[in-house]
Amino acid sequence: MAFFGLPLIFVILAYVIIYFIAEPIITPVSSVFDMITGDTIPDFSQTQNTNDILEISNIADQANIISSAEIKIPRNGDVYATLTIDGAGVNTSVYYGDDNAILRKGVGQYTGSMLPGFGSTTLLGGHVNTYFKGLKNVKVGDVININTTYGAYEYTVTNLKVVDYQDKTAYDLAAAYDNLILYTCYPFGTLGFTAQRYFVYAELTSGPKVKYTTDK
Amino acid sequence: MKKIIATITIVMLVVLSVLSASAATQINTDEQKVLDALSGSITTSDGSVTIPDSYINQVKQYLLAKEIDATEATTILAKINEAKTVTKTVPGTSFTKVYDNMTSATKNNVIGIAQDAADVAGATLTVNATAKTVTIADSEAGTFVFDLNAIKKTGVSGNAVMAGIASVLLLGAVSYVIFASRKIALGK
């Protein structure tokens, strides 16, 4: 008992103390362990309330133009859309905001980019080993569907590129047309910090335009 | 009875204010003037710079969640011009470099002007110089964090992995030391 009990009690006590201090560090470790040893495909389906997201069976049935006064602007941390890329295995919730807490739960929109339909760039980031795991399967010509709380949008992939994460020419936040940029870390299998990002560029092919100024 | 009516009225007002706060608006003519002033060039001592597009987009989204009238817009425009006057004496070829080149007194002055402008709109502005973020907290429109860092870390952190492995190894090492010392003590 002396040889076994005391060390075991110490280990348990130390683990409990360190767990509360180091939980943000331990979580990714356990995720990595699961990724290495798991023999089943992990389920990243969302459990958040997505009741406000529109279920539109025919995208063409939507109004062409909607007013921003009719929609609810999401707040930081709100789930405001779902994103699917059939054939690439991407099916995830989209949050407004992209801090660490959000990226652990889904794909996050950079708040310095505009919402879909607002006539500019929508920039979405997601973790390479979870919600954007399927991004590597995306090809030019693939269709991306984003169903928001105010309309359903369809984009067509036009380009794929690997760029340094500090390269500001990889995205244009002042673009005067609706476009979508998805990104995740690159190379895909790398653990730890990577200096590169895998960018998927897409242009809007269908979805309501949001009129958000009172100018005619 | 009067108390019940008063309570119900208060509850309804609170509910309605919450509901109205979450609905979007459109950017009116006065708010567009504010956006135009922010989008224009800012003269520095050795050229001119512009406010990053990400900040402009975030201001747009803030104004979509918030209604500003003509009087408030006029005051905010005056504050923007006041800040632009200050930056005329500061060198810099980009927005962040202009901020970095400011003396502490100038930074405090510009931040104070920005806080006054936010105050006009009924919001509180705070600056995190380390993270290079600006936060606007508005009881009506919500909290907006203006962040220049567009591309986030989207992989598994290497530092987190190393720290986690180190924690496990440390636990194992300490357990072994205790086990071994007890064994030695008993062996004596």
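Any value given below was found using the heavy atoms of this structure, including those in side chains, with hydrogens, waters and symmetry copies removed. All chains are named by letter (A, B, ...) in the order of the sequence lines, taking the proteins before the strands, and each is independently numbered beginning at 1. Bear in mind that the values here come from a model prediction, so they are computed numbers and not experimental data.
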Novice: Could you look at B/V145 and say if it's the side chain, the backbone, both or neither that has a heavy atom under 4.5 Å from chain A?
Specialist: backbone

Novice: Side chain, backbone, both or neither: which part of B/I56 has a non-hydrogen atom closer than 4.5 Å to chain A?
Specialist: neither

Novice: For chain A, which residues from residues 77-97 of chain B lie under 4.5 Å away (heavy-atom distances)?
Specialist: none

Novice: Do A/T213 and B/Q32 have side chains that approach each other closer than 4.5 Å (heavy atoms only, starting at C-beta)?
Specialist: yes

Novice: Provide the closest heavy-atom pair for A/Y110 versus B/A150 in the form atom of the first, atom of the second, distance.
Specialist: CE2-CB, 3.5 Å

Novice: So, do B/L64 and A/F118 sit near enough that their side-chain heavy atoms are less than 4.5 Å apart?
Specialist: yes

Novice: Roughly how far, to the nearest 0.5 Å, is OG1 of B/T154 from CZ of A/F132?
Specialist: 9.0 Å

Novice: In Å and rounded to the nearest 0.5 Å, what is the CZ to CD1 distance from B/F144 to A/I73?
Specialist: 8.0 Å

Novice: Quick one about A/S67 and B/Q26 (side-chain donor to acceptor, distance below 3.5 Å, no hydrogens or angles considered), yes or no?
Specialist: yes

Novice: Is it the side chain or the backbone of A/L173 that comes within 4.5 Å of chain B heavy atoms, both, or neither?
Specialist: both

Novice: Is there a donor-acceptor contact under 3.5 Å from the side chain of A/S68 to the main chain of B/T25?
Specialist: yes

Novice: B/A141 and A/R75: which non-hydrogen atoms are nearest, and at how many Å?
Specialist: O-NE, 2.8 Å

Novice: Nearest heavy-atom pair of A/M114 and B/Q61: which atoms, and what distance?
Specialist: CA-OE1, 3.9 Å

Novice: Are the side chains of B/I151 and A/D167 in touch, meaning some heavy atoms are under 4.5 Å apart?
Specialist: no

Novice: Below 4.5 Å from any heavy atom of chain B, which atoms of A/S113 appear? Answer side chain, backbone, both or neither.
Specialist: backbone

Novice: Is it the backbone or the side chain of A/Y198 that comes under 4.5 Å from a heavy atom of chain B, or both, or neither?
Specialist: neither

Novice: Count the heavy atoms belonging to other residues, nucleotides or ligands that lie under 6.0 Å from CG of A/N100, then report whether that count exceeds 12.
Specialist: no

Novice: Is it the backbone or the side chain of A/F188 that comes under 4.5 Å from a heavy atom of chain B, or both, or neither?
Specialist: neither

Novice: To the nearest 0.5 Å, tell me how far A/T111 OG1 sits from B/N57 CG.
Specialist: 9.5 Å

Novice: Could you give the distance from NZ (B/K153) to CG (A/D98), rounded to the nearest 0.5 Å?
Specialist: 13.5 Å

Novice: Quick one: NZ on B/K60 to OH on A/Y212, what's the gap to the nearest 0.5 Å?
Specialist: 3.5 Å

Novice: Non-hydrogen atoms of chain B under 4.5 Å away: do they reach the side chain of A/Y186, the backbone, both or neither?
Specialist: neither

Novice: Measure the spacing between NZ of B/K152 and CD1 of A/I102 and express it to the nearest 0.5 Å.
Specialist: 9.5 Å

Novice: Of all of A/G126, A/G125, A/G97, which one pairs up most often with chain B through heavy atoms under 4.5 Å apart?
Specialist: A/G126

